[in-house]
Amino acid sequence: MSGRDQRPPLNRGLGEHRPIPRRDFLQGALVGAASALCGPLLRAHAADMGTGALAAQDQPGYYPPILTGLRGSHPGSFEAAHALRDGRTQGSELDSGESYDLIVVGGGISGLAAAHFFLARHGADARVLILDNHDDFGGHAKRNEFHVGGGLQLANGGTLEIDSPRPYSAVATGLLRELGIDVDAMRRKIENREFYRGLGLRRGSFFDRETFGADRLVVGTGSELTAGTLAHAPLSARARADLVRIEKGSVDYLPGLSSDDKKLRLSKISYRDFLRDLAHVDPQVIAYYQPRTHDEWAVGIDAVSALDCWAFGLPGFRGLGLQGGSIARMGYTPSGYKDTGGSATLHFPDGNATIARLLVRSLVPEAVPGRSAEDIVGARIDYSRLDRPGSKARLRLSSTVIGVTHRGDAASARELAVRYVRGDQIYRARARGCVLACWNMMIPYLVPELPEPQKAALHDLVKSPLVYTSVALRNWQAFSRLGVDHIYAPGSYHSTALLNPKVDVDVYHSPTRPDQPMLLRMVRVPCQPGLSEHEQNKAGRTELLATPFATFERKIRDQLARMLGPGGFDPAVDIEAITVNRWPHGYAPEYNPLWDPEVPPEQRANVLGRAPFGRLTIANSDSGGAAYTDSAIDQADRAVNELLRLYA
Ligand SMILES: Cc1cc2nc3c(=O)[nH]c(=O)nc-3n(C[C@H](O)[C@H](O)[C@H](O)COP(=O)(O)OP(=O)(O)OC[C@H]3O[C@@H](n4cnc5c(N)ncnc54)[C@H](O)[C@@H]3O)c2cc1C
């Protein structure tokens, strides 16, 4: 039976028979039969420099941001790494004959920033090679580009915006400025966060029949829910009263304890346990809040401490009289720009892919037209220029590093060999130093000579899986009729669906009228409540890698039909394209007081794991123990400084 034959029967009512682009269909097709658009990408594994054939990224028309279907960790990006993990790596090895001052493993923001810092600090004559396993650069900072109804529509495939619970460091702020980004000024100029409110649209809650007994969309979420709106929700009278109590009540659920003692207690229980065991709410209320932490932590309320949820602003704590300020057992420190020290926020139309693209412009200016952080949004990058001999920086895609070894003893070696898989070929290149800006838990496979305790610490750094789906819609009239722009759907496959934010910058203009095409952004987090955070992460990763695009598509069409059908939405005609950005290795692991050992911060796994070793140093947001862009930049800065001491 072919892969295609195993697909579930098409549901014509949901529109799965419609010819929207579906990349995983093409994945199964013969390379030579691929469409003109995707041909160069699909040939990624057939062509490479060693055979004299043109590598995929060097072919005319290669432009991965426009690809739809299964993206993020797309088919073809992870197989070589998994083969290494499983001890199945095989193939002949070719010496590329190349020698660099620095090889960077990983072309995410951290790897790109490391290359940028290295070139700036080591000197103009330095030569750097960046290797990444994906068919596009940016790591999590990916761009989804659609051309619907004749216009350009952009979304973030992963990292969404410049923001952090901490202030950006001087280094991270300095890099943004160097790239031309003034966060506060640009935010005022390009973003309109009140756009949908101005149209009278609100947040809504979708109650699904599998979880709550009936499909019902209600205007309002959380504290915006009133007794009036809740009357339409399929909730028991007790659940409605409990929901209002949690959102608006002032009950002290821990009477007799000091603020510090309450915090300590809350740091040892999950938010779910707080609701269930201290606030004694109806189980329907727990079901309502279950995915409330998905966006921030990529895990449900059963796996996040009640204290962190208090700091994050979740409801139910008003009556406890908790005083501001953090304690040691806190993973999330209170945010709020200017009030408590969080960073300013800014969303570009393609999210932080703009930062990645600006970094690539600084590294390979000839590939990226334009001069400013505004005109980059409309710029079309010439991928064929990213990996040219003679450039100070070369960016090589579809290249999975499988080994980094010192030539001789690590303590005294002058050079490293970096082995990577591209297509069916294993290549070897040499460098004076290497920054590993890849996912840290993979490093023990790449560098088996690392000390065992360091490998154990790196293995501990399990990332949280999640999915950002972009759906191109013919129009958004159903949202307008239903009075919502953002739907929280606690029991559904995707727990959030929201219209693309309004951002106007340079040539890019967001839609303004409901009859215009629009992008919808949806978030899915695969969790398994009942397991520890890391076990949930691993189970979710396995689930994501085993889920074909056809299943995502079916779930998306079904969910949108049920949420928006009463507003006239028809999935068979209103969906133009779907991109599922799948991140089995998503958010960097952060300290979680429910599961992590109580050790001083300097003994946490991310710190032990990032120790320099010989001529290699370790960057990536994993090393900072924080799933934020500033962490990726700060860790790049540290890793480059550690390495440069050896070049002195
Ligand atoms: C869905 C999502 C949303 C997010 N939203 C935000 C947000 O709004 N704001 C924010 O500040 N942060 C956000 N983050 C956190 C985000 O991880 C960081 O902001 C930052 O982009 C991480 O950059 P990085 O370079 O450290 O890692 P990555 O972006 O993961 O880059 C590492 C790269 O190394 C590659 N690699 C791994 N192994 C190998 C190998 N063996 N060979 C070659 N290449 C390899 C990886 O495939 C990847 O491309 C989000 C993350 C995700 C997943």
With no hydrogens and no angle check, just 3.5 Å: does a side-chain donor-acceptor pair link [X] and [Y]?
{"X": "D630", "Y": "S164", "answer": "yes"}
{"X": "H140", "Y": "T159", "answer": "no"}
{"X": "N620", "Y": "R610", "answer": "no"}
{"X": "E366", "Y": "S391", "answer": "yes"}
{"X": "H406", "Y": "E415", "answer": "no"}
{"X": "N133", "Y": "S77", "answer": "no"}
{"X": "N144", "Y": "Y468", "answer": "no"}
{"X": "Q536", "Y": "D302", "answer": "yes"}

[X] bridged to [Y] by N-O distance under 4.0 Å:
{"X": "R430", "Y": "E98", "answer": "no"}
{"X": "R428", "Y": "D95", "answer": "yes"}
{"X": "R329", "Y": "D308", "answer": "no"}
{"X": "E543", "Y": "R524", "answer": "yes"}
{"X": "K463", "Y": "D622", "answer": "yes"}

Legend entry - Worked verdict on R419 versus E93 for salt bridge (charged side-chain N to carboxylate O under 4.0 Å, His left out): CA-CA 8 Å; R419 293 161 64 240; E93 190 168 320; 3.0 Å; yes
Check: [X] side chain, [Y] main-chain N or O, donor-acceptor pair, under 3.5 Å:
{"X": "D58", "Y": "L54", "answer": "no"}
{"X": "R388", "Y": "S384", "answer": "yes"}
{"X": "D132", "Y": "G107", "answer": "yes"}
{"X": "N156", "Y": "G351", "answer": "no"}
{"X": "E590", "Y": "G625", "answer": "no"}

Side chain to side chain, [X] and [Y], heavy atoms closer than 4.5 Å:
{"X": "V401", "Y": "L436", "answer": "no"}
{"X": "Y420", "Y": "I426", "answer": "no"}
{"X": "P584", "Y": "S73", "answer": "yes"}
{"X": "L544", "Y": "W583", "answer": "no"}
{"X": "P593", "Y": "Y332", "answer": "no"}
{"X": "W297", "Y": "Y587", "answer": "no"}
{"X": "L129", "Y": "Y100", "answer": "yes"}
{"X": "D387", "Y": "L395", "answer": "no"}

Inset, instruction - For the pair R121 and D637, evaluate salt bridge (charged side-chain N to carboxylate O under 4.0 Å, His left out) and give the outcome as yes or no after the intermediate values. - result: CA-CA 10 Å; R121 294 168 195 174; D637 168 64; 2.8 Å; yes
Using a cut-off of 6.0 Å, state whether more than 12 heavy atoms not belonging to [X] lie near its atom [atom1].
{"X": "R177", "atom1": "CZ", "result": "no"}
{"X": "R380", "atom1": "CZ", "result": "yes"}
{"X": "D409", "atom1": "CG", "result": "yes"}
{"X": "Q90", "atom1": "CD", "result": "no"}
{"X": "R414", "atom1": "CZ", "result": "no"}

Legend entry - Closest non-hydrogen atom pair, P612 against T617: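 Closest approach of P612 to T617: CB-CG2, 3.8 Å.
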Inset, instruction - Would you name the heavy atoms of G138 and A356 that are closest together and state the gap between them? - result: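 Nearest heavy atoms, G138 then A356: CA-CB, 3.9 Å.
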Inset, instruction - Compute both the distance and the angle, then confirm whether R615 meets the cation-pi test with Y647: under 6.0 Å from the six-membered ring centre, within 45 degrees of the axis. - result: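 Yes, a cation-pi geometry holds between R615 and Y647.
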Inset, instruction - Establish, yes or no, whether the cationic atom of R422 lies under 6.0 Å from the six-membered ring centre of Y427 and within 45° of the ring axis. - result: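 Here R422 fails the 6.0 Å and 45° test against Y427.
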Inset, instruction - Mind checking the OG1-CD spacing from T173 to E178? Nearest 0.5 Å is all I need. - result: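 Going from OG1 on T173 over to CD on E178, the span is 12.0 Å.
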Legend entry - CA sep, side-chain torsions, deciding dist, call: H534, W595, ring-ring contact (aromatic ring centres under 6.0 Å, His included): CA-CA 9 Å; H534 282 186; W595 316 104; 8.8 Å; no
Inset, instruction - May I have the step-by-step check of side-chain contact (heavy atoms from CB on, under 4.5 Å) for L594 and S305, ending in yes or no? - result: CA-CA 6 Å; L594 292 184; S305 84; 4.0 Å; yes
Inset, instruction - Would you confirm whether the ring centroid of H122 sits within less than 6.0 angstrom of the ring centroid of F117? - result: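 Not under 6.0 Å, so no.
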Legend entry - Test side-chain contact (heavy atoms from CB on, under 4.5 Å) applied to Q454 and L608, step by step: CA-CA 6 Å; Q454 185 172 4; L608 300 179; over 6 Å; no
Legend entry - Criterion side-chain contact (heavy atoms from CB on, under 4.5 Å) on Y628 and R166, from CA distance to verdict: CA-CA 10 Å; Y628 294 92; R166 294 158 297 276; 3.4 Å; yes
Inset, instruction - Go through the steps to decide whether H459 and Y445 satisfy the test ring-ring contact (aromatic ring centres under 6.0 Å, His included), and finish with yes or no. - result: CA-CA 10 Å; H459 271 309; Y445 301 106; 5.3 Å; yes
Inset, instruction - Before giving the answer on salt bridge (charged side-chain N to carboxylate O under 4.0 Å, His left out), spell out for D135 and R71 the whole-Å C-alpha distance, their side-chain angles and the decisive distance to 0.1 Å. - result: CA-CA 10 Å; D135 61 21; R71 299 292 295 154; 2.8 Å; yes
Legend entry - Test log, rule side-chain contact (heavy atoms from CB on, under 4.5 Å), inputs F137 and L386: CA-CA 10 Å; F137 62 82; L386 292 180; 4.1 Å; yes
